[in-house]
Amino acid sequence: MTTARRKSYGVKGAPYAFLLPATILFALFFALPIGYALWLSLHKVQVKGLGLGSGARNEVWAGLENYKDALSDSELLSGAVRVMGYGAIVIPVMLGLALLFALMLDTDKVRLAPFTRLAIFLPYAIPGVVAALLWGFLYLPDVSPFYFVLDKLGMPQPNLLDGGPLYLALSNIAVWGGTGFNMIVIYTSLQAIPAEVYEAAKLDGATPLQIALKIKIPMVAPSLVLTFFFSIIATLQVFSEPTTLKPLTNSVSTTWSPLMKVYQDAFGKGDIYSAAAEAAIIAVVTLALSFGFLRAANSRNKQEEAR
């Protein structure tokens with residue numbers, strides 16, 4: 001083999017060499033765990049006799065039995081309904097506030113913009129468990145300064161960790177922690193809009209409100225779609241907030257959300273096979289909803305471009 005041919009092979013093989021470490025990590029920490037979970041979801045443990053002694057508990061093929069049991073599990077379905085109600089509060093409020101803050105920071109009259117951006121983004125940097133603990137103690141009547149103030153003012157003291165207000169309490173934690181991240185995504189898109197667009201609108205007599213509604217929001221629509229996509233995934237995978245608040249109230253069960261049900265079956269009951277099937281169903285639903293929304297958004301954009 002000549003030197004020129006060796007150099008040609010080396011140049012062609014360089015991209016694959018750079019991709020090899022990432023491919024290995026992807027296979028070890030993503031592809032293999034998913035494959036193993038799918039394999040577990042198609043099996044179950046068969047117990048013989050009293051289940052004592054060697055060979056009394058064997059792993060056998062179950063087919064789709066675990067999936068049928070999961071889809072007919074009332075606790076899993078109830079958790080899905082609770083998460084839908086939780087998401088109906090979190091997503092519109094969080095994205096609405098993120099858009100509002102981004103538009104306010106993008107104006108020329110805003111003061112201390114760097115500090116304000118950091119202050120809005122800072123709650124996102126706090127781990128979810130820590131944030132849930134902080135808000136959980138603020139919700140407790142015995143230790144919360146808010147309840148102390150309400151008591152001194154003679155005002156009613158609502159129990160935010162029981163019944164319907166629990167949804168508001170959990171949603172508040174998610175909104176407080178996630179608004180800053182979504183604001184940064186939208187604000188970055190606003191900063192990428194050419195200044196000539198604003199100047200032309202001002203020459204035409206457009207007010208700041210008209211510029212925001214007619215120019216800024218339509219031009220950051222892709223960022224809004226992206227943040228909505230991330231919010232759907234985060235909502236369907238809610239786990240840390242209700243799990244952290246569970247010791248503080250009896251209103252949060254061990255199966256309050258679908259992921260909590262998976263955790264309870266896997267580590268509470270020791271049934272990793274049913275838990276794997278439930279996790280696979282959650283993943284499929286998440287992918288279906290996410291890609292369904294992206295497809296609908298893309299088709300709408302194509303229709304608008306065709307007009």
Side-chain angles (χ1 to χ4, degrees), residues 33-47 51 57-94 128-129 132 136 139 158-175 231-293:
I34 290 178
Y36 181 60
L38 292 175
W39 184 84
L40 286 174
S41 68
L42 299 173
H43 292 76
K44 65 178 182 179
V45 172
Q46 187 178 62
V47 180
R57 302 173 65 90
N58 297 316
E59 189 177 78
V60 297
W61 176 262
L64 300 177
E65 181 179 342
N66 291 327
Y67 290 93
K68 293 179 181 178
D69 293 340
L71 292 174
S72 60
D73 192 331
S74 60
E75 290 186 350
L76 183 64
L77 297 178
S78 298
V81 173
R82 283 190 288 266
V83 166
M84 290 176 61
Y86 165 83
I89 301 173
V90 170
I91 295 177
V93 174
M94 181 171 61
V129 175
Y139 294 150
N159 187 359
L160 297 177
L161 295 177
D162 187 24
L166 177 64
Y167 285 87
L168 298 178
L170 290 170
S171 300
N172 174 65
I173 299 173
V175 170
S231 299
I232 289 178
I233 296 176
T235 299
L236 294 175
Q237 296 180 350
V238 61
F239 177 80
S240 61
E241 291 88 352
T243 302
T244 306
L245 292 184
K246 183 183 176 301
L248 305 180
T249 175
N250 294 325
S251 298
V252 179
S253 64
T254 56
T255 59
W256 191 89
S257 71
L259 279 188
M260 292 177 68
K261 176 70 165 59
V262 173
Y263 181 88
Q264 177 65 18
D265 287 346
F267 302 102
K269 299 179 180 179
D271 187 1
I272 60 174
Y273 306 96
S274 297
E278 294 165 355
I281 292 173
I282 295 172
V284 170
V285 171
T286 303
L287 289 174
L289 290 177
S290 301
F291 285 105
F293 172 76

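Please read these numbers as outputs of a predicted model, since none were measured by experiment.
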Inter-residue atom distance [X].[atom1] - [Y].[atom2], 0.5 Å rounding:
{"X": "F293", "Y": "I232", "atom1": "CZ", "atom2": "CD1", "value": "5.5 Å"}
{"X": "S240", "Y": "M260", "atom1": "OG", "atom2": "CE", "value": "10.0 Å"}
{"X": "L76", "Y": "T255", "atom1": "CG", "atom2": "OG1", "value": "9.0 Å"}
{"X": "I89", "Y": "I91", "atom1": "CD1", "atom2": "CD1", "value": "11.0 Å"}
{"X": "D69", "Y": "K44", "atom1": "CG", "atom2": "NZ", "value": "8.5 Å"}
{"X": "L160", "Y": "N172", "atom1": "CG", "atom2": "CG", "value": "9.0 Å"}

Next on the checklist: Quick test of your reading: applying side chain to side chain donor-acceptor pair (under 3.5 Å), list the pairs with at least one residue in residues 75-92, sequence neighbours left out, ordered by first then second residue.
Outcome noted: none
Which heavy atom in [X] sits nearest to a heavy atom in [Y], and how many Å separate them?
{"X": "S251", "Y": "W256", "answer": "O-CD1, 4.1 Å"}
{"X": "P92", "Y": "G87", "answer": "CD-O, 3.7 Å"}
{"X": "S253", "Y": "K246", "answer": "C-CE, 4.1 Å"}

Item to check | Chi angles and distances behind the side-chain contact (heavy atoms from CB on, under 4.5 Å) call for L166, L170 | outcome: CA-CA 6 Å; L166 177 64; L170 290 170; 4.2 Å; yes
Item to check | Donor-acceptor under 3.5 Å (T249 side chain, L161 main chain) | outcome: yes
Item to check | Backbone N/O of A169 and side chain of Y139: donor-acceptor pair under 3.5 Å | outcome: yes
Checklist entry - Within a strict 4.5 Å, meaning less than it, do heavy atoms of the V83 and P258 side chains meet? => result yes
Next on the checklist: Tell me whether the rings of W61 and H43 are parallel (<30°), tilted (30 to 60°) or perpendicular (>60°).
Outcome noted: perpendicular
Next on the checklist: Using 30° and 60° as the class boundaries, would you call the ring planes of Y263 and F267 parallel, tilted or perpendicular?
Outcome noted: tilted
Item to check | Qualifying residue, where the test is side-chain contact (heavy atoms from CB on, under 4.5 Å) with E241 and the options are V129, V252, I173 | outcome: I173
Item to check | S290/I233 under side-chain contact (heavy atoms from CB on, under 4.5 Å): CA gap, chis, key distance, verdict | outcome: CA-CA 7 Å; S290 301; I233 296 176; 3.6 Å; yes
Return all side-chain donor-acceptor pairs below 3.5 angstrom for residues 272-286, not counting sequence neighbours, or 'none' if the list is empty.
residue, atom, partner, partner atom, Å
Y273, OH, E59, OE2, 2.5
S274, OG, D271, OD2, 2.6
E278, OE2, K261, NZ, 3.1
T286, OG1, I282, O, 2.7

